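Notes to accompany the following structure.
As the structure is a prediction and not an experimental result, all values here were calculated from the model.
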Amino acid sequence: AGTIYGNGIYLAECSSKSDEYASDDKNGSKELFCLLLCRVTLGEVLHITDGGDDVHPRIKAGIETHAYDSVLGDCQVLVGTYREFVVYKEDQVYPAYILIYERE
């Protein structure tokens, strides 16, 4: 997985985005996949429509000064794909459900 918005916990609002990172269990069922459905506290969100190394200093400054608590990487605007939410503290994420599914 990439780090377009720096090292953090990347989350998606669309399950098909998360499915891009899912792989089957090589030691168990070959056709079952897992998805975590999480509750997330975003707090103040830094909305970014670009990405890469150029945005890292802006994100770092925003998080370190506590001006922002998370990042909305708007890849929908950037390249026409999914929006990504990134938090930088583990206690902002609560895994509420584990979903096991099959692809059709």
Side-chain angles (χ1 to χ4, degrees):
T3 56
I4 190 171
Y5 304 110
N7 293 324
I9 302 166
Y10 284 66
L11 304 129
E13 62 189 338
C14 194
S15 62
S16 55
K17 171 64 177 176
S18 300
D19 181 63
E20 291 178 359
Y21 296 93
S23 59
D24 58 3
D25 183 357
K26 302 299 181 216
N27 298 319
S29 174
K30 300 276 187 217
E31 300 192 16
L32 292 179
F33 299 85
C34 178
L35 180 135
L36 290 176
L37 184 61
C38 300
R39 295 176 187 235
V40 181
T41 303
L42 294 173
E44 284 296 323
V45 179
L46 175 59
H47 186 195
I48 295 183
T49 57
D50 53 345
D53 293 340
D54 295 341
V55 301
H56 291 184
R58 188 172 36 167
I59 293 170
K60 184 176 180 182
I63 298 298
E64 286 180 355
T65 62
H66 304 289
Y68 297 99
D69 304 297
S70 62
V71 168
L72 164 54
D74 203 338
C75 294
Q76 193 170 31
V77 170
L78 182 61
V79 291
T81 62
Y82 300 100
R83 299 187 324 162
E84 298 182 19
F85 298 85
V86 186
V87 295
Y88 301 92
K89 296 178 184 173
E90 290 179 8
D91 60 357
Q92 288 178 260
V93 180
Y94 175 78
Y97 299 95
I98 298 173
L99 304 175
I100 307 295
Y101 64 97
E102 294 179 278
R103 292 180 181 149
E104 292 186 356

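- Under a hydrophobic clustering in which Ile, Leu, Val, Met, Phe, Trp and Tyr are joined whenever their side-chain heavy atoms come within less than 4.5 Å, directly or via other members, L42 and I9 fall into the same cluster.
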For residues 91-98, run the donor-acceptor check on the side chains, cut-off 3.5 Å, and write out each pair with its distance to 0.1 Å, sequence neighbours left out.
residue: Q92; atom: OE1; partner: K89; partner atom: N; Å: 3.4
residue: Q92; atom: NE2; partner: T41; partner atom: O; Å: 2.9
residue: Q92; atom: NE2; partner: D69; partner atom: O; Å: 3.2

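- Residue pairs meeting the ring-ring contact (aromatic ring centres under 6.0 Å, His included) criterion with at least one member in residues 54-74, sequence neighbours excluded, do not occur.
- A 4.5 Å side-chain heavy-atom check between V40 and F85 finds every atom pair outside the cut-off.
- The backbone N or O of Y10 sits nowhere less than 3.5 Å from a side-chain atom of Y5 that would complete a donor-acceptor pair.
- For the ring-ring contact (aromatic ring centres under 6.0 Å, His included) condition, the pairs that include at least one residue of residues 32-55, sequence neighbours left out, are F33-Y101.
- Of all heavy-atom pairs between C34 and A22, the closest is O-CB, 4.2 Å.
- Among residue pairs with one or both ends in residues 6-22, those qualifying as salt bridge (charged side-chain N to carboxylate O under 4.0 Å, His left out) are E13-R83, K17-E20, K17-E84, D19-R103; sequence neighbours excluded.
- Shown here are the side chain to side chain donor-acceptor pair (under 3.5 Å) partners of S16, two or more places apart in sequence or in another chain: Y82.
- With hydrophobic clusters built from ILVMFWY side chains whose heavy atoms lie under 4.5 angstrom apart, L72 does not share a cluster with V86.
- Note: the hydrophobic cluster containing V87 does not contain V55 (ILVMFWY, side chain heavy atoms under 4.5 Å, direct or indirect links).
- Among all heavy-atom pairs drawn from D54 and P57, the shortest one is O-CD, 3.6 Å.
- Linking ILVMFWY residues whenever their side-chain heavy atoms come closer than 4.5 Å, directly or via other members, places L46 and I63 in the same cluster.
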